Protein chains: 2
Amino acid sequence: MQDGTISSLGHPQVTEPGSRPVFPSDCPIRQLLDRIGDKWSVLTLLVLGDTAMRFGELRRCIGGVSQKVLTQTLRSLERDGLLTRLVEPTVPVSVTYSLTPLGLDLLSALRLMMEWAETRMTLVKAAQNEYDQRGAR
Amino acid sequence: MQDGTISSLGHPQVTEPGSRPVFPSDCPIRQLLDRIGDKWSVLTLLVLGDTAMRFGELRRCIGGVSQKVLTQTLRSLERDGLLTRLVEPTVPVSVTYSLTPLGLDLLSALRLMMEWAETRMTLVKAAQNEYDQRGAR
DNA sequence: CAGCATCCATGACGATACTG
DNA sequence: CAGTATCGTCATGGATGCTG
């Protein structure tokens, strides 16, 4: 059981001799995935990591998200302590969203994943094409 | 447009003066999230990152996944070139899954996220409790 | 053992209309 | 502008039974 293994991350796993790491449904990783593993959360964090933004602007930055779902996503992230919602009582009202330190912290952990996507998704696509061709013949 | 911003990652964004970064539905990050943003993909990569494993064993390591869905998940990841499926024609048949170099590479990018979950999910839970109490009163 | 086929429930998501 | 409310759809995933 050396560094680099999952075990070194300190999960509440079964580690009896001969057994395998187990990820119960209430382990931290699954909790995180359950929360930000939806369609828009990561994207929202990503956009707000660049700059604080108002609702309408935010929506225009994320292609295809409906107004209802964006509201839901923002509420969840606010509840998680990842972003703050600032209401300015102008007329009409203006609402600005920005990441908390915790949100920025998560985002920095996600950056590596995004860079991977930038540089490696072409390889994934190539693999998919090859796989599909194998199935066709 | 400085380092550390989203823009520095090189997205196919609109960058006209005064405009904001835009994440169209076909940008690499959204493609990646569409692929591994499901309920079990990341978890599967995680388990296989530790050690190659057979189907039944794999299933026991991921609490709550059904046989059908695990099969689907594995097929997708194989199609993406992230893992390999090795069939040994014994009786009964034995199938071993292991990560490809590309899969290991992605996993290393995801490790930071997992460590974040390990150390920060308690903070998220605390934020949720506080949020819920505010709504209750 | 490692699937495939089928049926079914759920909820995430989208479209639309309306409001302070 | 930034929502809330309502309805409908569809994909995801769970349960079960069968098979090489």
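All values derive from a computational prediction rather than experimental measurement.
Classification of B:Arg134 and B:Glu130 as a salt-bridged pair holds, one side-chain N sitting under 4.0 Å from a carboxylate O.
The stretch residues 64-75 of chain A touches DNA chain C through A:Gly64, A:Ser66, A:Lys68, A:Val69, each having a heavy atom within less than 4.0 Å of the strand. Near DNA chain D, defined here as any heavy-atom distance below 4.0 Å, the residues from residues 85-92 of chain A are A:Arg85, A:Pro92, listed numerically.
Not a single donor-acceptor pair under 3.5 Å links the side chain of B:Arg85 to the backbone N or O of B:Ser98. In this structure, A:Ser76 contributes its side chain and A:Thr73 its backbone to no donor-acceptor pair below 3.5 Å. Judged purely by atom type and a 3.5 angstrom limit, A:Arg59 uses its side chain to pair as donor or acceptor with the backbone of A:Val65. For B:Arg35 (side chain) and A:Val124 (main-chain N/O), no donor-acceptor pair under 3.5 Å exists by modelled atom type.
As a whole-Å value, the separation of A:Tyr97 OH from D:dC1 P is 14 Å. A:Lys39 has its NZ atom 7 Å from the C1' atom of C:dC13, to the nearest Å. For B:Asp38 and C:dA12, the CG to C1' distance is 14 Å, given to the nearest whole Å. Protein atom CG of A:Leu43 is 12 Å distant from nucleotide atom P of C:dC13, rounded to whole Å. Whole-Å rounding puts the A:Asp34 CG to C:dG11 C1' distance at 14 Å. Atom pair B:Met53:CE and C:dA2:P shows a separation of 12 Å (rounding to whole Å applied). Between the CZ atom of A:Arg30 and the C1' atom of D:dG13 there is a distance of 13 Å, given to the nearest Å.
Scored by the side-chain hydrogen bond (donor to acceptor under 3.5 Å, both in side chains) test, B:Thr100 finds no partners at all (sequence neighbours excluded). Applying the side-chain hydrogen bond (donor to acceptor under 3.5 Å, both in side chains) criterion to B:Ser41, with sequence neighbours excluded, gives B:Asp38. Listed by chain and number, the residues in a side-chain hydrogen bond (donor to acceptor under 3.5 Å, both in side chains) with A:Asn129 amount to none (sequence neighbours excluded).
The shortest distance between the side-chain N/O atoms of A:Arg54 and the OP1/OP2 oxygens of D:dA2 is below 4.0 Å.
In this structure, a donor-acceptor pair under 3.5 Å is absent between the side chains of A:Asp26 and A:Gln31.
You'll find the side chain of B:Arg30 reaches within 4.5 Å of the side chain of A:Trp40, heavy atoms only. Contact of the B:Lys39 side chain with the B:Val69 side chain is not registered, since no non-hydrogen atoms from C-beta on lie closer than 4.5 Å.
Inter-axis angle, ends of the helix from C:dC1-D:dG20 to C:dG20-D:dC1, five pairs per end, rounded to 10 degrees: 50°.
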